[in-house]
Structure formats: C-alpha cells, structure tokens
Amino acid sequence: MHALLKRQLKRYFPDGAPEGGPLQELIAAVDQAYVDADDERALLERSLNLSSDELKARNDQLQADIAQRVRAESERDAFFRMSPDLLCMIQPDMSFRQVNPTWERVLGYAPSELIGRSMIALIHPEDVQRTLQEASKVAANGNTVGFTNRFWSKAGELRLVAWTAVKDAATNSYFAAGRDITEERRKESEAAQSQKLEAVGQLAAGVAHEINTPIQFVGDNVQFVRDSWDDLEPLRTWLTAVLEAKQATGDDVAALEALLAKADWDFLVGELPTSLEEARDGVKRVAELVRALKEFSHPDTPDMVSCDINQALQRTIVLARNEVKYVAAIETELGELPAVPCHAGALNQVFLNLLVNAAHAIEDRNRKKGTPNGRGTIRVATKVDGDFAVVAIGDSGCGIPPEIRERIFEPFFTTKEVGRGTGQGLALARKIVVERHRGALTFETTVDVGTTFFIRLPLRAATLARAA
C-alpha cells in the first residue's frame, strides 16, 4: 500500500481499517491512484529534467557559437585592419563601400575619403577600360580574376597595383585585394637592366674585336689609295702641263709611258676599285655592329610595340658572333612573320642568352669528347603556328641531364663554373616570355645530342587577353 495512504488511514482508523466490503475496494482504488500519480509525477520530473538539460545544452552551444562568431569577426576585423594588402568592397557602380586602413598607409587615402567615391577616378585613364573589362568578367562568371593597373596616390604619384577580385553573389558587390608592386617591378626592371648591362659588358670585347678587323682593312685600303695617289700625282701634274701647252711631242709620249710604268698603272686600275669596295664593306660591317649594339642596349618601353622578330634575331646574331664563331656555325631558317607585339629590348636579351648558352653547351660537349677545337651547329628558325610566332634556337651541344631539367628556370641555378654564368639567364628569359608577353618558353633535349628552346609569342592582342 502507498505510504501516503497508510498515513491517512491510520489517522482515521487508528485500530485499522475494516476489511472487506466497499470500503476495502475504495482503499484499493485510492492506493492505485496514488501509485499512478507517483508514476506520472516521476515521468513528468524526468521529462522536465531532460528538457532542462537539453535547453541548457542548447543554450551553452548557442553561447559558444556566439563567442566563436565574435572571435571570428574580431579576427577578420583584425586581418582587415592589419593586412598589408589594399582590401576593399566595391559596389556594382564601382564606388567604394568599405576599405581597410592600408589604403592610407600605402596610397595616403583615409577610409573616410574613399567611401562612396568612384574607384575609376583613381585609375590611370589608359587602364580604365581594361579594369572595367576585368570587372565585367567577374560579374559574368563569378570567377576570381587577377590583373594590374596604375593607381594615383593622394600625393599624385602613379603606383602599380596587382589586383585579385571576386564577386559576392549575396550583395552583388566585388571583394578585391590589391598589392602595391611598384617597387617590386622597379627592382625587376633594375635586375633586367643589370643583366642587360652585364651582357653588353661581356659582348664589349667581342664587339671590339669584330669592329677591329673591318676597321683594320679599311685603314689598310685607305692607306693604299693614299699611297697610290702619291704615285699618280706626278702623272696628273705632267698631264695638266701638257694640256695647258696644247701640244705634245714624241718625247712627251715617252715621258707619259715612263710615268705610267712608274705608277704601275695597270695594277692600280685593277686594285683601286677593289680596295674601295673592301673599305666600303668594312664600314658597312662596323655600322651594322654599332646599330645592333645600339638597339640591344636601348632602354625598353613600358608598352608593347610591333616588332620584326626576324630582324631582331639577325641583329642579336651579329652581336653574338664573336662569342659563337669559334665554337659553332649559325644556321638560320627564318620564316615569314607578321609584326609581333612585344618588348623588343627584353626579347633581344632572351635571344642573346639562348645563343650564348647554346655556344657554351657545344663547348662543354667538345671538352667532354676531348675535341676542344671542334665546332658544332646552332640553328635559329622562326615560323607562325596558329595565333603564335615561334622562335626555335637549337644547338648540337651536351643536352640537359634529366635530374636538372625541372630546375633550369630557377633563379640562380647554374651548372656553369664560377665566372661563366650567374644562373639568372634562363630565369630572366622565362619571366620575360611568360609573364611580360603571356607566351611560353619550353625546350626539347637529348643528352649528348643537343637542346632546342622554343619561344611562343602571341601575335594579336586578343590572344594576349585570352592568355592573361
């Protein structure tokens, strides 16, 4: 019997409740009701306890989520504020919606000066159209794009900024991160110029030698003409006197024959034109060398210009002649090419590096074979392949060993002895071809047979845009 019911019955029936009859049935029913009530109360308490625990767990989880969100937002805010990049949110109309403090550190603009202002107003006019085209690409396909443009700082200085942008579908705005690469590009330009000056310095002795030979035979032939004039001067004086006297005798004829014999007239008639032709050829060769050296050392322009690649190759071959002629013969097969948009000075550096490397590879193979005085072949060819101009520069050298083929374009990697190379030639060549021209620089090689490098240059601006 339920304990509570027992206490109640004892209170009303001290001597015990009568057994049997309706009263006993009532007591049994009340006892069952008490038991059922206890069961329901226990069930309710368990339910309440479970609900309380669940609510507490959910509340704890919610508090943890809020704390995590606050921490994440705080971290994002710290990153946004402290990032070295120019971070910004751009409205669809290209106005600034939000910028980080880096804008003030890098370009001098406080965030309050930019919010609501058009980004286009800060871009160099020549770069506006390309920037809008890149923005339209982001809007059209949602992909992340990268590009560069020139930005005006608050102080009125042009800075080169590399951008990465993506579209936020929820707000229809652009998230963009920019990095000021002005100094980086300046250092790259200085490094390229240093490499060019180094190459010019290496070529100087060879060019001097190449110039010395034609200058020497120009001098020899000019001296010959001068000496011949001394021999002809008595003849000219005598003939002038005879002409002025308007009479000639038999003695005059004998005197003329003597003067002609003394001057070796027949020899002079045959040799003077040849000497003058050789002198003219020598002057032409000197002029060609000087012109090639001038074009090679000419500072590059920031924008691409149309260039005759075949002519640039021929001029570079002229400059490399002294470096190459003792170890290899140069064979050319220059196809018909249209004008190619490029940085001509930078490409001349690439061509020269590959020609000199080819000569060194042939020297290395000859040294390994024990034929240091042997000569190989350097082949230079051009052709059009679809939307690209292709330049191939190959050699009959030692080839590139398999274990270093993946490293040859690494900066400062070289297999040459000290003083023969800096390890920057191929790295610089790849940077010029791939990054500045959106082209490709590849090679095919066989050990002890030779190597051919292939330079692929886009022929049209559309191809450049697709490659970018």
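Positions are given from 1 along the sequence. What you see below is based on every heavy atom in this structure, not just the backbone, and it leaves out hydrogens, waters and symmetry mates.
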message: Using only atom types and a distance under 3.5 Å, with no angle test, would you say the side chain of Thr102 pairs donor to acceptor with the backbone of Ser83?
response: yes

query: Which atom names give the shortest non-hydrogen contact between Thr445 and Ile400, and what distance separates them?
result: OG1-N, 2.9 Å

query: Under the side chain to side chain contact (heavy atoms under 4.5 Å, CB included) criterion, do Leu122 and Leu114 qualify, and how do the steps go?
result: CA-CA 10 Å; Leu122 304 181; Leu114 295 178; 3.8 Å; yes

message: Walk me through whether Ile309 and Cys342 qualify under side chain to side chain contact (heavy atoms under 4.5 Å, CB included).
response: CA-CA 9 Å; Ile309 294 296; Cys342 65; 4.3 Å; yes

task: Flag yes if more than 12 heavy atoms outside Glu406 fall under 6.0 Å of its CD atom; otherwise flag no.
output: no

Ser153 side chain to Glu157 backbone, donor-acceptor under 3.5 Å: yes

task: Please check if atom CD in Glu403 has more than 12 non-hydrogen atoms from other residues, nucleotides or ligands closer than 6.0 Å.
output: yes

message: Any side-chain to backbone donor/acceptor pair from Glu113 onto Ala110? Under 3.5 Å, distance only.
response: yes

- prompt: Between the side chains of Thr451 and Asp395, is a donor N or O closer than 3.5 angstrom to an acceptor N or O?
  reply: no

field: Asn149 side, atom CG; Ile120 side, atom CD1 - distance, nearest 0.5 Å
entry: 8.5 Å

- line: Note: Ile378 and Ala359 closest approach over all heavy atoms is CD1-N, 3.9 Å

- prompt: How about Ile393 and Leu355: do any of their side-chain heavy atoms sit closer than 4.5 Å?
  reply: yes

- request: Please examine the side chains of Asn348 and Arg315, heavy atoms only from C-beta on, and report whether any two atoms are closer than 4.5 Å.
  value: no

message: Classify the ring geometry of Phe409 against Phe453: parallel below 30°, tilted from 30° to 60°, perpendicular beyond 60°.
response: perpendicular

- prompt: Between Arg438 (side chain) and Val433 (backbone), is there a donor-acceptor pair under 3.5 Å?
  reply: no

Heavy-atom closest contact (Arg179 atom, Pro84 atom, distance): NH2-CG, 4.2 Å

task: Would you please test Glu126 and Arg150 for salt bridge (Lys or Arg N to Asp or Glu O under 4.0 Å) and show each step?
output: CA-CA 9 Å; Glu126 294 177 0; Arg150 290 167 290 177; 3.1 Å; yes

- prompt: In a check of side chain to side chain contact (heavy atoms under 4.5 Å, CB included) between Ile455 and each of Thr442, Ile432, Leu441, which one passes?
  reply: Leu441

From CA spacing to verdict: salt bridge (Lys or Arg N to Asp or Glu O under 4.0 Å), Lys383, Glu336: CA-CA 7 Å; Lys383 67 176 183 179; Glu336 186 174 344; over 6 Å; no

field: Pairing residues for Phe351 by the ring pair (Phe, Tyr, Trp, His ring centres under 6.0 Å) criterion, not counting sequence neighbours
entry: none

field: Val447 versus Pro401, closest heavy-atom pair with distance
entry: CG2-CA, 4.1 Å

field: Side-chain heavy atoms of Met304 within contact of His437, under 4.5 Å
entry: yes

- request: Show your reasoning for whether ring pair (Phe, Tyr, Trp, His ring centres under 6.0 Å) applies to Trp163 and Phe151.
  value: CA-CA 11 Å; Trp163 291 99; Phe151 248 70; 5.6 Å; yes

Leu354 and Leu426, any side-chain heavy atoms less than 4.5 Å apart: yes

- prompt: Does the side chain of Trp103 reach to within under 4.5 Å of the side chain of Cys88, using non-hydrogen atoms?
  reply: yes

message: Between Ser173 and Arg97, does the side chain to side chain contact (heavy atoms under 4.5 Å, CB included) criterion hold? Intermediate values first, please.
response: CA-CA 9 Å; Ser173 299; Arg97 178 177 176 183; 3.8 Å; yes

message: With no hydrogens and no angle check, just 3.5 Å: does a side-chain donor-acceptor pair link Gln314 and Asn310?
response: no

field: Test item: Thr182 side-chain N/O and Leu160 main-chain N/O as donor-acceptor pair under 3.5 Å
entry: yes

task: Taking atom CZ of Arg365 as the centre, report whether more than 12 heavy atoms of other residues, nucleotides or ligands fall under 6.0 Å from it.
output: yes

query: Can you name the closest pair of heavy atoms from Met89 and Phe175 and give their distance?
result: CE-CE2, 2.7 Å

message: So which atom in Thr316 and which in Ala312 form the shortest heavy-atom distance, rounded to 0.1 Å?
response: OG1-O, 2.8 Å

query: Within a strict 4.5 Å, meaning less than it, do heavy atoms of the Val390 and Val384 side chains meet?
result: no

message: Are the side chains of Trp152 and Leu158 in contact, using a 4.5 Å heavy-atom criterion?
response: yes

query: Within the distance-only criterion (no hydrogens, no angle test), does the side chain of Asp308 pair as donor or acceptor with the backbone N or O of Pro338 below 3.5 angstrom?
result: no

task: May I ask you to establish whether Arg456 and Phe388 are in a cation-pi arrangement, using a distance under 6.0 Å from NZ or CZ to the six-membered ring centre and at most 45° from the ring axis?
output: yes

task: Please assess Arg375 against Tyr326 for the test side chain to side chain contact (heavy atoms under 4.5 Å, CB included), listing each intermediate value before the final yes or no.
output: CA-CA 7 Å; Arg375 297 182 82 237; Tyr326 299 108; over 6 Å; no

- prompt: Do His360 and Val327 have side-chain heavy atoms sitting under 4.5 Å apart?
  reply: no

statement: One should read off an interatomic distance between Lys368 NZ and Asp448 CG, to the nearest 0.5 angstrom, of 6.5 Å

- request: Spell out, as yes or no, whether a donor-acceptor pair under 3.5 Å connects the side chain of Thr332 to the backbone of Leu334.
  value: no

